[in-house]
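As the structure is a prediction and not an experimental result, all values here were calculated from the model.
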Amino acid sequence: MENIMYDIISWVGLTICIGAFFIKDVFWLRLATLIGCSLLFVYYSHIAIPQGVISNLLVLLINAYYLIRFASARRKALAESKRLTPGPVTLTTEN
């Protein structure tokens with residue numbers, strides 16, 4: 001029963017990784033690849049295949065790095081847009 005669970009994990013991870021080739025948005029592409037490689041990393045760790053563990057770990061880390069950079073750039077852009085947005089405007093009438 002335990003092996004069936006790991007087989008399911010490997011098939012889901014493989015499906016997500018292959019499906020990532022059809023994603024055009026870079027954020028979702030990296031997120032899908034991160035999730036798929038995480039699942040494959042778990043599978044290859046279980047069956048003790050060093051090449052699978054190392055390759056999926058490297059791809060996982062590369063995608064995590066770029067997702068963190070993406071989040072950081074997004075936070076900076078949001079902070080910049082808040083800084084440039086003018087505050088409430090009050091109108092005064094002079095008679």
Novice: Under the side chain to side chain donor-acceptor pair (under 3.5 Å) definition, can you give me all pairs with a residue in residues 49-64, not counting sequence neighbours?
Specialist: Arg30-Asn63
Novice: Do Leu61 and Val42 land in one hydrophobic cluster if side-chain heavy atoms of ILVMFWY residues count as linked below 4.5 Å?
Specialist: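 Yes.
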Novice: Can you run down the side chain to side chain donor-acceptor pair (under 3.5 Å) pairs that involve residues 6-15, sequence neighbours left out, and say none if there aren't any?
Specialist: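 Qualifying pairs, neighbours excluded: none.
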Novice: Give the minimum heavy-atom separation between Ile16 and Ile35, together with the two atoms involved.
Specialist: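 Heavy-atom minimum between the residues: CD1-CG2, 4.0 Å.
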Novice: Name the atoms and distances for all side-chain donor-acceptor pairs under 3.5 Å in residues 43-50, with sequence neighbours left out.
Specialist:
from: Ser45; atom 1: OG; to: Phe41; atom 2: O; distance (Å): 2.8
from: His46; atom 1: NE2; to: Asn3; atom 2: OD1; distance (Å): 3.4

Novice: Going by the rule side-chain contact (heavy atoms from CB on, under 4.5 Å), which residues pair with Leu60 if we only count those two or more places apart in sequence or in a different chain?
Specialist: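 So Leu60 forms a side-chain contact (heavy atoms from CB on, under 4.5 Å) with Leu34, Cys37, Ser38.
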Novice: Should Trp28 and Phe70 be counted in the same cluster of Ile, Leu, Val, Met, Phe, Trp and Tyr side chains packed under 4.5 Å apart?
Specialist: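 Yes: a chain of side-chain contacts under 4.5 Å links Trp28 to Phe70.
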Novice: For Ile68, which fellow cluster members are found when Ile, Leu, Val, Met, Phe, Trp and Tyr are connected by side-chain heavy-atom distances below 4.5 angstrom, either directly or through intermediates?
Specialist: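 Direct or chained contacts put Ile68 with none.
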Novice: Supply the members, apart from Tyr65, of the Ile/Leu/Val/Met/Phe/Trp/Tyr cluster built from side-chain contacts under 4.5 Å; use none for a lone residue.
Specialist: Ile62, Tyr66
Novice: Using the side-chain contact (heavy atoms from CB on, under 4.5 Å) rule, take Leu29 and Thr33 through it: C-alpha gap first, then chi angles, then the decisive distance, then the call.
Specialist: CA-CA 6 Å; Leu29 168 78; Thr33 307; 4.3 Å; yes
Novice: Is there a continuous path of hydrophobic side-chain contacts, each under 4.5 Å between heavy atoms, that joins Val12 to Ile4?
Specialist: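 Result: yes, single cluster for both.
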Novice: Could you list the cluster mates of Leu58? Members are the ILVMFWY residues connected by side-chain heavy atoms closer than 4.5 Å, either directly or through other members.
Specialist: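 Via sub-4.5 Å side-chain contacts, Leu58 links to Ile54.
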Novice: List the atom of Ala32, the atom of Ile23, and the distance in Å for their closest heavy-atom pair.
Specialist: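 Scanning both residues, the minimum pair turns out to be CB-CD1, 3.7 Å.
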